[in-house]
Protein chains: 2
Amino acid sequence: MNLERKWKDQLYQEFARIGKCLSSPKRLELIDLLAQGPKSVDQLSKATGMSIANVSQHLQTLHESRLVRFNKKGNFVIYEVAELSVADFMVSLHRLSEKQLVEIQRLKTDILQHHASMEPISLEVLMERMERGEVLLLDVRPEDEYVMGHIPGAISIPIGELEKHLATLPVNKEIVAYCRGPYCLMSAQAVEILKSKGIKASRIEEGVHEWKRYVEHSNKSTQGKASYINN
Amino acid sequence: MNLERKWKDQLYQEFARIGKCLSSPKRLELIDLLAQGPKSVDQLSKATGMSIANVSQHLQTLHESRLVRFNKKGNFVIYEVAELSVADFMVSLHRLSEKQLVEIQRLKTDILQHHASMEPISLEVLMERMERGEVLLLDVRPEDEYVMGHIPGAISIPIGELEKHLATLPVNKEIVAYCRGPYCLMSAQAVEILKSKGIKASRIEEGVHEWKRYVEHSNKSTQGKASYINN
DNA sequence: CAACTATTCAATTGTTTTGTTGAATAGTTA
DNA sequence: TAACTATTCAACAAAACAATTGAATAGTTG
């Protein structure tokens with residue numbers, strides 16, 4: 001066979017290794033979870049509803065393609081995305097999928113109808129109102145994910161502890177909640193809780209990675225890189 | 001089962017439909033080819049070395065996920081990428097893959113050694129020297145791909161016709177060739193030809209889509225969108 | 001209309017992948 | 001050291017996939 005042909009075959013074989021990682025729903029969910037912060041196999045198993053052995057296997061596949069890495073902490077094996085660019089790539093994949101597959105758009109609107117009428121506000125609107133001090137931005141993800149990185153100005157109250165902390169919230173500001181991103185329901189749940197207590201609240205659908213891409217694409221002129229990661 | 005779980009399963013199922021398209025080497029190669037311009041099944045079959053039936057089948061998979069579309073022209077079925085964002089997404093995938101998989105980097109350097117020492121120059125250097133009128137930029141892809149869209153200022157001489165057109169090239173300028181992108185060998189072949197005729201030549205490894213991303217990320221401040229597509 | 005072309009369809013084969021189970025390993029705690 | 005925990009490994013069955021072949025379709029040309 002032609003040498004060039006052989007070279008291309010090898011090359012695309014390699015690209016397909018990354019592709020294969022993206023071909024299983026469960027694996028995609030794992031990457032999305034890890035994009036928010038390191039997690040143990042056990043945590044991932046609980047979050048995705050898969051058996052531990054199954055999670056372990058998927059993680060190995062991901063590891064072979066260098067999309068995730070791990071280090072052992074005592075008894076646990078803690079996995080994380082191998083690079084920040086993996087998280088960024090997932091945003092690309094989500095964008096493309098949502099653009100091309102009407103089904104995804106449908107699923108998204110369906111669930112929001114189910115969760116009362118909870119249309120997200122846009123990042124642009126949020127930024128504006130935050131600058132004017134009108135809103136308090138709430139990160140409702142688990143605290144360790146907040147610590148890994150969050151939208152500047154946000155405070156952390158994990159969804160499970162929201163009811164406890166209601167008293168500490170300022171009464172003169174509207175609350176805007178966010179969570180892992182457009183396919184995470186925690187921020188919607190938070191708004192539901194807040195509204196049920198008579199607190200004015202809304203949500204954005206973006207998570208940290210979507211936000212990051214947003215600022216990189218809007219104020220390109222200002223500076224090189226936002227330093228929102230505490231590592 | 002939990003409603004939220006069920007929703008997520010459906011959602012990730014959909015994402016995985018896009019992922020599945022990316023899990024086969026041949027399918028990736030097809031998308032890359034189509035990203036350069038519309039092609040018939042037969043053309044794709046020749047370009048990839050696959051059987052026609054096989055190509056048709058892959059194209060159907062891609063079509064089900066809305067990554068490609070087609071229209072019939074006489075006896076032929078002409079496929080193309082469904083959206084420009086598909087091509088852009090492929091650049092993301094290439095970037096990520098090349099970053100994570102050393103194997104790809106190795107394959108790339110290997111082939112270039114094989115093709116004499118033909119290190120590409122950077123886009124930045126190219127732009128600078130083009131502005132100073134020092135270089136002539138040569139698009140060596142098939143002409144229809146050039147017509148679909150090209151780097152501004154480039155002229156089209158398909159690789160197969162390069163030898164014929166040697167006389168028409170200006171003698172006072174250095175030639176810089178480009179082709180489909182980092183995984184296409186045509187620009188390297190062009191440089192080889194030119195050098196063998198005593199013409200000073202080099203190449204960039206970027207193609208149209210990589211170039212587009214480059215300008216979008218560098219002069220973000222200037223304007224919204226480069227209008228390099230002739231449609 | 002007949003011959004021809006490009007493409008798709010359908011059936012088949014062998015291969016890969018998925019999820020499951022239960023056992024094995026490595027590390028921790030009492 | 002014994003009991004325990006978290007994770008991985010190995011083996012298996014079921015399902016999904018890729019490539020091949022030959023027939024079927026739709027369109028064109030003489």
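The sequence lines fix the lettering, A, B, ..., with proteins before strands; numbering per chain opens at 1. Since this is a predicted model, take the numbers as computed values, not measurements.
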Would you indicate which nucleotide in C:dT8, D:dA18, C:dT20 comes nearest to any side-chain atom of B:Q57?
D:dA18
Centres of the B:F15 and A:Y183 rings: under 6.0 Å?
yes
Rounded to whole angstroms, how far apart are CG on A:L28 and P on C:dT18?
11 Å
What is the distance, rounded to the nearest whole Å, between atom CG of A:N54 and atom P of D:dC9?
14 Å
Nearest to the side chain of B:S40, heavy atoms from C-beta on, is which of D:dA6, C:dT7, C:dA6?
C:dT7
Does a donor on one side chain and an acceptor on the other come within less than 3.5 Å for B:S156 and B:R141?
no
At under 4.0 Å, does any side-chain N or O of A:Q43 touch on OP1 or OP2 of D:dA6?
no
Between P on D:dA18 and CD on A:Q13, what's the gap in Å once rounded to a whole number?
12 Å
Go through D:dT8, D:dC17, D:dA18 for me and flag the one nearest to the A:I52 side chain.
D:dT8
Give a yes/no answer on whether the side chain of A:Y79 brings an N or O atom under 4.0 Å of OP1 or OP2 in D:dT8.
yes
Per nearest nucleotide of DNA chain C, the residue lying toward the 5' end, A:K72 or A:A53, is A:A53
Side chain of A:V41: nearest nucleotide among D:dA19, C:dC9, D:dT8?
D:dT8
Could you check how far CG of A:N71 sits from C1' of C:dA26, rounded to whole Å?
16 Å
Below 4.0 Å: OP1/OP2 of D:dT7 and any side-chain N or O of A:Q60:
no
In whole Å, what is the span from the OH atom of A:Y12 to the P atom of D:dA18?
17 Å
Under 30°, 30 to 60°, or over 60°: which ring-plane class applies to A:H94 and B:Y12, parallel, tilted or perpendicular?
perpendicular
Nucleotide nearest A:V77 when distance is taken to its side chain, options D:dT8, C:dC9, C:dA6
D:dT8
In sequence, state the C-alpha distance, the side-chain angles, and the governing distance for B:L96 and B:L101, and then conclude on side chain to side chain contact (heavy atoms under 4.5 Å, CB included).
CA-CA 8 Å; B:L96 182 70; B:L101 300 176; over 6 Å; no
Length of the CE-C1' vector between B:M50 and D:dT20, whole Å:
14 Å
Measure NZ/A:K46 against P/D:dT7 and give the value in whole Å, please.
9 Å
D:dC17, OP1 or OP2 - any side-chain N/O from B:H58 closer than 4.0 Å?
no
If you check the A:K20 side chain, which of C:dT17, D:dT20, C:dT20 turns out closest?
C:dT17
Quick one: sort the A:H217 and B:H217 rings into parallel, tilted or perpendicular, breaks at 30° and 60°.
perpendicular
Are any of B:R27's side-chain N or O atoms less than 4.0 Å away from OP1 or OP2 of D:dA18?
yes
Short side-chain donor-acceptor distance under 3.5 Å, B:E4 and A:Q189:
yes
Interatomic distance where CD1 belongs to A:I78 and P belongs to D:dT7 [whole Å]:
7 Å
Looking at the side chain of B:D42, which of D:dA10, D:dG22, C:dT7 is the nearest nucleotide?
C:dT7
Which listed nucleotide (C:dT8, C:dA6, C:dG27) is nearest to the side chain of A:N75?
C:dG27
The nucleotide from D:dA19, C:dA6, C:dT17 with an atom nearest the side chain of B:F76 is C:dA6
